[in-house]
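Right, one structure below, let's go through it.
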Amino acid sequence: MGTARGGGGGSVLRLPGLHGYAAEFSPYWPGRVACAAAQYYGIAGCGTLAVLEQNEAGIVLLRSFDWNDGLFDVTWSENNEHVLITCSGDGSLQIWDTAKTKGPLQVYKEHTQEAYSVDWSQTRGEQLVVSGSWDQTAKLWDPAVGKSLCTFKGHEGVVYSTIWSPHIPGCFASASG
């Protein structure tokens, strides 16, 4: 994480042994960022969710959570400032609460290969999450339900990215190889 300044300088926090895959600013806390990371470039090893904050002193690690496989993406809840969802190489999604010291709160394992993308709908009237996987599917989730609501098939390759439209409720896009 860095802040652009004249001359290209910035703040940096290194997490030894980890490679960052995704960073997401909190919609609630200015300067707070979640980072999904993995050991060994995500090929083997564990993952870490790091919650960082930038203040006058630089970037500090507020909290971190470990998972037994690489974490590839992270998204903040749109209705609770402490809740995040990550996705991982074992095909699962994890719900974390940064107000707690241990986690995850819940784990959803329905993808049959690496889950590579996750995004929380910005429409606060609905609590929907979309995930994309190397199993060539996108899945729609309601975290209150505890299982996927729908599986979207149609890609002929690995799904690398899923994202909700900020303008059209209920509409998401996905990209694949």
* Asked: Is there a donor-acceptor contact under 3.5 Å linking the side chains of D66 and T48?
  -> yes
* State, without any angle test, whether H111 and D135 hold a side-chain donor-acceptor pair at a distance under 3.5 Å. => yes
* Do you reckon I59 sits in the same ILVMFWY cluster as L61, going by side-chain contacts under 4.5 Å, direct or chained? -> yes
* Supply the atom-to-atom distance I85 CD1 to D73 CG, rounded to the nearest 0.5 angstrom. => 11.0 Å
* Shortest non-hydrogen contact from D119 toward T162 -> CB-O, 3.6 Å
* Within a strict 4.5 Å, meaning less than it, do heavy atoms of the K139 and F152 side chains meet? -> no
* Asked: Can you get from V60 to W29 by hopping between Ile, Leu, Val, Met, Phe, Trp and Tyr side chains that sit under 4.5 Å apart?
  -> no
* **Exam field: side chain Y21 to backbone C35, donor-acceptor pair closer than 3.5 Å** => no
* Should L84 and L62 be regarded as members of a common hydrophobic cluster, given that ILVMFWY residues are connected when their side-chain heavy atoms come within less than 4.5 Å of each other, either directly or indirectly? -> yes
* For the side chain of W164 and the backbone of G170, is there at least one donor-acceptor N/O pair under 3.5 Å apart? -> no
* Got a second to check how far S117's OG is from F172's CZ, nearest 0.5 Å? -> 10.0 Å
* Report whether V107 and V145 are members of the same hydrophobic cluster (ILVMFWY, side-chain heavy atoms less than 4.5 Å apart, transitive linking). => no
* Tell me, do L13 and L52 make a side-chain contact under 4.5 Å, heavy atoms counted? -> yes
* Asked: Roughly how far apart are D142 CG and L149 CG, rounded to 0.5 Å?
  -> 5.5 Å
* Atom NZ of K109: over 12 foreign heavy atoms under 6.0 Å -> yes
* Asked: Can you tell me how far the CH2 atom of W141 sits from the OG1 atom of T151, to the nearest 0.5 Å?
  -> 7.5 Å
* Determine, for K147 against E110, whether the closest basic-nitrogen to carboxylate-oxygen distance falls under 4.0 angstrom. => no
* Classify the side-chain pair T86/W67 by whether it contains a donor and acceptor separated by less than 3.5 Å. => no
* **Shared hydrophobic cluster, V129 / I95 (ILVMFWY, side-chain heavy atoms < 4.5 Å)** => yes
* To do: Find the distance between OG (S121) and CD1 (I163) and round it off to the nearest 0.5 Å.
  => 11.0 Å
* Asked: Going by heavy atoms in the side chains, are E78 and P27 under 4.5 Å from each other?
  -> yes
* **V74 vs L71 side-chain heavy atoms within contact, under 4.5 Å** => no
* To do: Ignoring hydrogens and angles, tell me if any N or O in the side chain of W76 forms a donor-acceptor pair with the backbone of E24 under 3.5 Å.
  => yes
* Structure fact -> Note: C87 and A115 closest approach over all heavy atoms is SG-O, 3.4 Å
* State whether the side chain of T98 and the backbone N or O of H82 hold a donor-acceptor pair below 3.5 Å, judged by distance alone. => yes
* Parallel, tilted or perpendicular: rings of Y160 and W134 (30°, 60°) -> perpendicular
* Check: D69 side chain, D90 main-chain N or O, donor-acceptor pair, under 3.5 Å -> yes
* Going by atom types alone, do N79 and W120 pair a side-chain donor with an acceptor below 3.5 Å? -> no
* Pair T137, H155: side-chain N/O donor-acceptor within cut-off below 3.5 Å -> no
* Just checking, is any N or O donor in the side chain of Q94 or S88 under 3.5 Å from an acceptor N or O on the other one? -> yes
* Asked: Quick one: are S176 and V158 in side-chain contact, heavy atoms under 4.5 Å?
  -> no
* To do: Check whether any side-chain N or O of Q39 sits under 3.5 Å from a backbone N or O of C46 as a donor-acceptor pair, and report yes or no.
  => yes
* Structure fact -> Of all heavy-atom pairs linking I168 and S165, the shortest is N-OG, 2.9 Å
* To do: Drop me the distance from F72's CZ to E114's CD, to the nearest 0.5 angstrom.
  => 6.0 Å
* To do: Check whether any side-chain heavy atom of Y108 sits under 4.5 Å from a side-chain heavy atom of P143, and report yes or no.
  => yes
* For Q136, does its backbone N or O pair with a side-chain atom of S133 as donor and acceptor, under 3.5 Å? -> no
